[in-house]
Trainee: 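I'd like to ask some things about the structure below.
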Amino acid sequence: MTRVKRGYIARRRRKKIRFFASSFRGAHSRLTRTIAQQKIRALVSAHRDRDRQKRDFRRLWITRINAAIRERGVYYNYSKFIHDLYKRQLLLNRKILAQIAILNPNCIYMIYNEIIKKEDCKKYLEII
């Protein structure tokens with residue numbers, strides 16, 4: 001009986017999967033079935049953590065802004081600051097505000113003081 005040579009399609013598919021898992025440790029980079037399972041698991045984790053990363057960064061930005069604001073005003077916090085920004089129609093997103101808070105605190109204090117001045121003037125006029 002003559003020898004049958006298999007085609008290249010299955011080999012090419014396995015080679016592609018092995019290349020994906022080449023950085024994995026142990027059997028996860030050597031055994032084809034295990035590689036296939038680990039590939040699925042890795043892609044699921046990557047998909048889940050892309051959304052989680054957005055959440056985590058938003059939390060970090062909020063924490064940084066809140067810390068910078070509370071350094072100056074004892075009774076002033078993040079939620080009041082954001083509310084006043086929206087009322088004054090200052091369109092700065094949380095990422096930019098957090099960068100300003102870290103790199104240039106004087107600038108965030110200027111924004112904070114402008115908001116406070118306008119709010120105090122309005123309250124003063126309402127009392128009169």
Side-chain angles (χ1 to χ4, degrees):
M1 187 174 234
T2 58
R3 178 171 165 250
V4 176
K5 291 179 67 175
R6 294 289 308 262
Y8 63 93
I9 294 171
R11 185 170 57 248
R12 188 172 60 183
R13 186 184 72 240
R14 287 189 201 107
K15 188 176 173 184
K16 188 165 48 172
I17 293 172
R18 280 181 194 265
F19 181 73
F20 178 84
S22 61
S23 62
F24 296 173
R25 292 180 58 166
H28 298 308
S29 68
R30 292 190 191 95
L31 304 177
T32 305
R33 287 183 187 172
T34 314
I35 288 173
Q37 292 168 358
Q38 289 304 308
K39 179 181 178 183
I40 292 169
R41 185 171 179 166
L43 293 174
V44 166
S45 296
H47 182 265
R48 179 195 64 225
D49 291 339
R50 275 195 296 274
D51 288 336
R52 184 166 203 138
Q53 184 184 29
K54 293 175 182 67
R55 266 180 268 157
D56 290 344
F57 270 109
R58 184 182 168 97
R59 286 178 61 192
L60 177 67
W61 297 332
I62 289 171
T63 305
R64 286 179 174 174
I65 295 166
N66 198 17
I69 293 301
R70 284 183 183 224
E71 281 181 3
R72 285 294 174 128
V74 178
Y75 299 109
Y76 206 70
N77 60 8
Y78 167 80
S79 61
K80 290 178 186 173
F81 180 69
I82 293 294
H83 177 69
D84 292 341
L85 278 177
Y86 276 108
K87 282 199 315 194
R88 299 261 300 128
Q89 295 180 346
L90 294 173
L91 302 176
L92 293 171
N93 62 15
R94 287 161 183 81
K95 180 181 178 179
I96 300 300
L97 284 171
Q99 286 179 350
I100 291 171
I102 295 295
L103 300 175
N104 193 1
N106 291 334
C107 186
I108 204 155
Y109 297 144
M110 287 170 45
I111 295 170
Y112 165 75
N113 288 333
E114 284 297 317
I115 291 172
I116 293 297
K117 284 180 192 173
K118 298 295 180 182
E119 293 301 315
D120 288 344
C121 290
K122 287 180 183 176
K123 288 178 184 175
Y124 180 72
L125 291 174
E126 288 174 3
I127 293 171
I128 295 175

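We count residues from 1, following the sequence as given.
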Trainee: Considering residues at least two apart in sequence or located in another chain, which fulfil the side chain to side chain contact (heavy atoms under 4.5 Å, CB included) criterion with F19?
Mentor: none

Trainee: So E114 and M110, side chain to side chain contact (heavy atoms under 4.5 Å, CB included) or not? Walk me through it.
Mentor: CA-CA 6 Å; E114 284 297 317; M110 287 170 45; 5.7 Å; no

Trainee: Which side-chain hydrogen bond (donor to acceptor under 3.5 Å, both in side chains) pairs, counting each pair once, include a residue from residues 30-49, with sequence neighbours left out?
Mentor: R18-T32

Trainee: Counting only pairs under 3.5 Å, give me each side-chain donor-acceptor contact of residues 53-69, with atom names and distances, residues two or more places apart or in other chains.
Mentor:
residue: K54; atom: NZ; partner: R50; partner atom: O; Å: 3.3
residue: T63; atom: OG1; partner: R59; partner atom: O; Å: 2.8
residue: N66; atom: OD1; partner: R70; partner atom: NE; Å: 3.1
residue: N66; atom: OD1; partner: Y78; partner atom: N; Å: 3.1

Trainee: Measure the CG-CD1 distance between L91 and I96 for me, rounded to the nearest 0.5 Å.
Mentor: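 The CG atom of L91 sits 12.5 Å away from the CD1 atom of I96.
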
Trainee: Check the hydrophobic clustering (I, L, V, M, F, W, Y; side-chain heavy atoms under 4.5 Å; chains of links allowed) and say if L43 and I40 are grouped together.
Mentor: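 No, no single cluster joins them.
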
Trainee: How far apart are the closest heavy atoms of P105 and I102, and which atoms are they?
Mentor: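 Heavy-atom minimum between the residues: CD-O, 4.2 Å.
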
Trainee: How far does CG of L97 sit from CD1 of I108, to the nearest 0.5 angstrom?
Mentor: 5.5 Å

Trainee: Taking the side chain as C-beta and beyond, is there a heavy-atom pair between K87 and H83 under 4.5 Å?
Mentor: yes

Trainee: To the nearest 0.5 Å, tell me how far R88 CZ sits from I111 CD1.
Mentor: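 One gets 11.0 Å once the value is rounded to the nearest 0.5 Å.
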
Trainee: Applying side chain to side chain contact (heavy atoms under 4.5 Å, CB included), can you list everything that pairs with A42, at least two apart in sequence or on another chain?
Mentor: F20, F24

Trainee: So which atom in Y112 and which in Y76 form the shortest heavy-atom distance, rounded to 0.1 Å?
Mentor: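 The pair with the smallest heavy-atom distance is CE1-CD2, 3.2 Å.
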
Trainee: Without placing hydrogens or testing angles, list every side-chain donor-acceptor pair under 3.5 Å for residues 1-14, not counting sequence neighbours.
Mentor:
none

Trainee: Please answer whether the main-chain N or O of I100 pairs with a side-chain N or O of N104 as donor and acceptor at a distance below 3.5 Å.
Mentor: no

Trainee: Other than I35, what residues sit in its cluster of Ile, Leu, Val, Met, Phe, Trp and Tyr side chains whose heavy atoms are under 4.5 Å apart, directly or through others?
Mentor: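 Direct or chained contacts put I35 with I17.
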
